[in-house]
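Everything numeric in this text was worked out from a predicted model, so none of it was measured. Throughout, protein chains are lettered first and strands after them, A, B, ... in sequence-line order, and every chain is numbered starting at 1. What you see below is based on every heavy atom in this structure, not just the backbone, and it leaves out hydrogens, waters and symmetry mates.
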Number of protein chains: 2
Amino acid sequence: MRESSSTLSTSVFDQIKNEIIGGQLPQGSKIVETELAKKFNISRGPLREALHKLENINLIVKKPHSSTQVVTVDFELMKQVYQMRIVMEGYAARLAAENMTDKEIQGLKDLLNTHQDSIENAGGESYIQKEGDVDFHYYIFSKCGNELLANYLESKVYQLVRMCRIRTSTMKDRVALAYNEHSKIVDAISNRDGEFAEMLMRKHISGAWETIMKLQETQGDS
Amino acid sequence: MRESSSTLSTSVFDQIKNEIIGGQLPQGSKIVETELAKKFNISRGPLREALHKLENINLIVKKPHSSTQVVTVDFELMKQVYQMRIVMEGYAARLAAENMTDKEIQGLKDLLNTHQDSIENAGGESYIQKEGDVDFHYYIFSKCGNELLANYLESKVYQLVRMCRIRTSTMKDRVALAYNEHSKIVDAISNRDGEFAEMLMRKHISGAWETIMKLQETQGDS
DNA sequence: TTTTATTAAATTGTTGACAATTTCATCACA
DNA sequence: TGTGATGAAATTGTCAACAATTTAATAAAA
């Protein structure tokens with residue numbers, strides 16, 4: 001996506017991040033600085049900085065003088081992550097209704113239309129909708145007017161969301177449902193009804209979490 | 001408070017943090033690694049790690065290859081910080097009402113009583129109540145059952161709150177008012193009414209923000 | 001056999017020197 | 001006088017060696 005790798009540390013940070021999210025570095029696996037440094041052909045200095053950044057976005061956990069591990073996204077953590085989404089994205093929707101410019105709201109409507117098209121054309125192809133879902137949520141919180149909020153969601157919450165293998169996108173039914181819910185949220189924002197937008201967004205994400213929980217029960221842990 | 005400084009990096013991190021919050025390192029002042037390293041008698045390695053951590057809790061801002069500055073807490077940032085307090089602490093109160101054990105709720109009631117005593121004894125001495133206010137809020141979000149949420153408030157929000165010089169505690173009237181509002185919040189939590197607790201907490205912090213805004217207007221910027 | 005010291009190996013924390021980049025002052029030129 | 005190029009100083013980024021700490025492996029004792 002972004003090509004900001006002006007320094008070795010940030011470059012390696014991006015690479016390791018992708019490997020963790022992609023699963024090449026498995027959850028819970030032990031991280032040894034010397035090994036990783038050799039792997040990326042850098043010294044331990046910038047590597048340690050990269051690891052620090054990864055720790056700060058909750059992708060690895062460190063104990064001083066001791067072990068460093070890739071985070072394990074268990075059920076409890078995922079529950080907390082979705083609680084954070086519920087409260088933060090809910091409020092972001094409220095702020096968006098209050099602060100977005102008319103032009104930005106029009107952009108949101110356009111985004112929604114492209115998603116509708118892609119759903120119709122792909123006949124419910126889940127992957128596209130999944131990306132669409134992410135785009136939709138990104139659009140709202142990145143333009144809500146509160147950088148602290150947007151930055152936290154992007155840098156800490158969504159990294160962990162990506163690491164959750166079980167996705168609502170695997171449920172075909174939910175694609176259309178999600179679109180309808182998105183549509184109502186856009187209406188509320190367009191009507192400048194912040195309170196309603198917040199409530200709808202909370203319900204929307206709560207619903208996604210309920211779906212994940214059900215899948216978790218039927219599929220077992222992962 | 002805490003004496004966790006098992007490593008040079010964390011120790012210096014704590015020291016610099018205190019200097020920033022205390023004002024010895026003024027807002028907006030330029031940070032030079034070599035200077036700071038000399039000041040604390042450490043090399044630049046651990047210092048850089050400390051600076052990275054400080055960047056992560058929003059106390060300094062870095063541009064790659066370029067300037068590093070202590071954050072400037074202007075009105076816009078403070079507004080965003082209080083928005084975050086409103087939404088996150090509101091939700092924490094909801095979770096607390098749902099998740100706190102009976103014993104923890106009793107502890108909250110006890111805490112409230114000690115505050116009442118200190119108000120009566122000190123005759124409205126603001127400092128004590130200010131600390132009491134902080135204790136009250138800390139107690140709730142640290143026992144809400146969501147570590148991510150608690151950690152966020154502690155590490156990213158409250159550091160910035162401390163840097164805001166203008167405090168509601170300077171208004172004597174607000175001390176008693178705050179106590180009453182705290183009391184109602186405790187009742188809602190005790191009654192396991194999460195929705196009400198969230199609403200009350202939102203109102204409580206919104207009120208504090210309104211007070212700050214008024215002071216800001218009369219006193220001018222700072 | 002189990003438990004507890006003791007010691008060696010592995011790993012992280014720290015340092016000072018070196019390289020790359022940016023910033024700022026100086027000077028030439030229009 | 002103002003503007004842009006040039007180079008020196010300051011500052012950050014990177015490296016490889018060293019020190020401190022933890023982990024494990026081994027041996028001694030109960």
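- A side-chain donor-acceptor contact under 3.5 Å links B:D110 and B:Q106.
- Considering B:R44, B:R48, B:K53 as possible partners of A:E49, the one that fulfils the salt bridge (charged side-chain N to carboxylate O under 4.0 Å, His left out) test is B:R48.
- Side chain of B:S9, nearest nucleotide from D:dT12, D:dT14, C:dT14: C:dT14.
- The separation between A:K63 atom NZ and C:dT11 atom C1' is 14 Å, rounded to whole Å.
- Between A:H182 and A:F136, the ring planes are parallel. Angles under 30° get that label, and only those over 60° would be called perpendicular.
- Judged by distance alone, the side chains of A:S67 and A:K30 never bring a donor and an acceptor atom under 3.5 Å apart.
- As a whole-Å value, the separation of A:I31 CD1 from C:dT12 P is 10 Å.
- Of the residues in residues 40-50 of chain A, those with a non-hydrogen atom less than 4.0 angstrom from any atom of DNA chain C are A:R44, A:R48.
- Qualifying ring pair (Phe, Tyr, Trp, His ring centres under 6.0 Å) partners for B:F13, counting only residues two or more places apart in sequence or in other chains: none.
- For A:K62, the NZ atom counts as densely surrounded, since its 6.0 Å shell holds more than 12 non-hydrogen atoms of other residues, nucleotides or ligands.
- Taking the charged nitrogens against the carboxylate oxygens, B:K79 and B:D74 have no contact shorter than 4.0 Å, which rules out a salt bridge.
- Rounding to whole angstrom units, NZ of residue B:K62 and C1' of D:dT12 are separated by 8 Å.
- A centroid separation of 6.0 Å or more is found between the aromatic rings of B:Y91 and B:F141.
- Considering only residues two or more places apart in sequence or on other chains, B:Y139 meets the ring pair (Phe, Tyr, Trp, His ring centres under 6.0 Å) condition with none of them.
- Separating the CD atom of A:E33 from the P atom of D:dA16 is a distance of 15 Å, rounded to the nearest angstrom.
- Using a 3.5 Å distance cut-off with no hydrogens or angles, the side chains of B:E19 and B:Q15 do not pair a donor with an acceptor.
- Rounded to a whole Å, the CD atom of A:E35 is 13 Å from the C1' atom of C:dT12.
- Contacts between residues 51-58 of chain A and DNA chain C, defined by a heavy-atom separation below 4.0 Å, involve no residue at all.
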Hey, what are the protein-to-nucleotides 21-23 of chain D N/O distances that come in under 3.5 Å?
{"residue": "D:dT23", "atom": "OP1", "partner": "A:S66", "partner atom": "OG", "Å": "3.0"}

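- Residues satisfying the ring pair (Phe, Tyr, Trp, His ring centres under 6.0 Å) test with B:H52, not counting sequence neighbours, are none.
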